[in-house]
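Quick one: structure below, then a few questions.
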Amino acid sequence: MGKLIVYILMLAIPSTVVAQKYDSWAVYHNRKEVSKFNNKKETTDERKIILLNRLLEGPGFFIIEYTPAAEQSDWIRTIGFFDTTGKSIREYSNTLFLKIHNSEISGIMEGQPKVEVYSWAVPKDPAVAATVRVRRILLCTLYKR
């Protein structure tokens with residue numbers, strides 16, 4: 001009986017000690033954290049963020065701070081803004097920290113009912129990049145009100 005308990009503990013303890021890390025990101029607008037997300041699971045949630053017109057007209061910044069779970073020094077991370085049809089509006093390469101002035105984010109959202117913000121990474125080595133399947137991660141969906 002004592003050996004059985006020892007075997008169970010030997011199996012249970014390592015599984016609870018090893019915690020898996022996930023990519024995470026925070027979205028800030030005018031120095032306030034609007035939302036914080038991670039990619040722990042695939043979600044059907046659109047990660048909705050509403051930006052007020054009156055706050056976009058003044059000074060300030062829209063910031064996305066991306067934190068990968070593992071070191072990605074050999075990868076190029078891109079953050080892109082897409083319209084409802086999936087057409088790229090603007091992309092920013094090689095960044096984990098994106099800081100956009102309010103006038104620029106207002107220009108990106110001009111005439112759009114909503115803008116989806118995605119991120120993806122590709123290896124710096126072109127030979128390796130040709131063999132990798134790129135998967136976009138939905139960071140958030142922006143709405144203007």
Worksheet item: For Phe82 and Arg136, what are the C-alpha separation, side-chain angles and deciding distance, and is it a side-chain contact (heavy atoms from CB on, under 4.5 Å)?
Response: CA-CA 12 Å; Phe82 294 82; Arg136 297 188 314 183; 3.5 Å; yes
Item to complete: Fit a plane to each ring of Trp25 and Phe37, take the angle between them on a 0 to 90° scale, and name the class: parallel (under 30°), tilted (30 to 60°) or perpendicular (over 60°).
Response: tilted
Discussion item. Does Lys36 have more than 12 heavy atoms from other residues, nucleotides or ligands lying within 6.0 Å of its NZ?
Written reply: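 No, NZ of Lys36 has 12 or fewer neighbouring heavy atoms, counting only those of other groups under 6.0 Å.
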Worksheet item: Could Lys48 and Tyr143 be counted as a cation-pi pair, given that NZ or CZ must be under 6.0 Å from the ring centre and within 45° of the axis?
Response: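 Judged by the rule, Lys48 and Tyr143 form a cation-pi pair.
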Discussion item. Going by side-chain hydrogen bond (donor to acceptor under 3.5 Å, both in side chains), name the pairs with one or both residues in residues 110-122, residues two or more places apart or in two chains.
Written reply: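 The answer is Arg77-Ser119, Glu116-Tyr118.
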Worksheet item: Taking all atoms of both residues into account, what is the closest heavy-atom pair of Pro59 and Asn30, and its distance?
Response: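 Pro59 and Asn30 have their closest heavy atoms at O-OD1, 3.8 Å.
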Discussion item. If you compare all heavy atoms of Thr78 against all heavy atoms of Ser93, which two are closest, and at what distance to 0.1 Å?
Written reply: OG1-OG, 3.5 Å
Worksheet item: Which atom names give the shortest non-hydrogen contact between Leu51 and Leu56, and what distance separates them?
Response: CB-CD1, 4.1 Å
Practice prompt. Test side-chain contact (heavy atoms from CB on, under 4.5 Å) on Ile137 and Tyr66 and set out the steps.
Written response: CA-CA 11 Å; Ile137 299 169; Tyr66 193 91; 3.5 Å; yes
Discussion item. Run Thr141 and Val117 through side-chain contact (heavy atoms from CB on, under 4.5 Å) and show every step you take.
Written reply: CA-CA 6 Å; Thr141 304; Val117 183; over 6 Å; no
Discussion item. Which heavy atom of Glu46 sits nearest to which heavy atom of Leu138, and what is that distance?
Written reply: O-CD2, 3.8 Å
Discussion item. Under 4.5 Å between side-chain heavy atoms, counting indirect links through other Ile/Leu/Val/Met/Phe/Trp/Tyr residues: same cluster for Tyr92 and Val115 or not?
Written reply: yes
Worksheet item: Only one of Val134, Val132, Asp74, Thr131 clears side-chain contact (heavy atoms from CB on, under 4.5 Å) with Pro123; which?
Response: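 In the set Val134, Val132, Asp74, Thr131, the residue that makes a side-chain contact (heavy atoms from CB on, under 4.5 Å) with Pro123 is Val132.
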Practice prompt. Identify the two heavy atoms, one from Ala69 and one from Asp23, that lie closest to each other, and give their separation to 0.1 Å.
Written response: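 Heavy atoms only, the tightest pair is N-OD1, 2.6 Å.
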Worksheet item: Considering all heavy atoms of both residues, which atom of Ile108 and which atom of Arg90 are nearest to each other, and what is their separation?
Response: CG1-NH1, 3.6 Å
Worksheet entry | Verdict with supporting geometry, Ile105 and Phe81, side-chain contact (heavy atoms from CB on, under 4.5 Å) | CA-CA 10 Å; Ile105 195 72; Phe81 294 83; 3.6 Å; yes
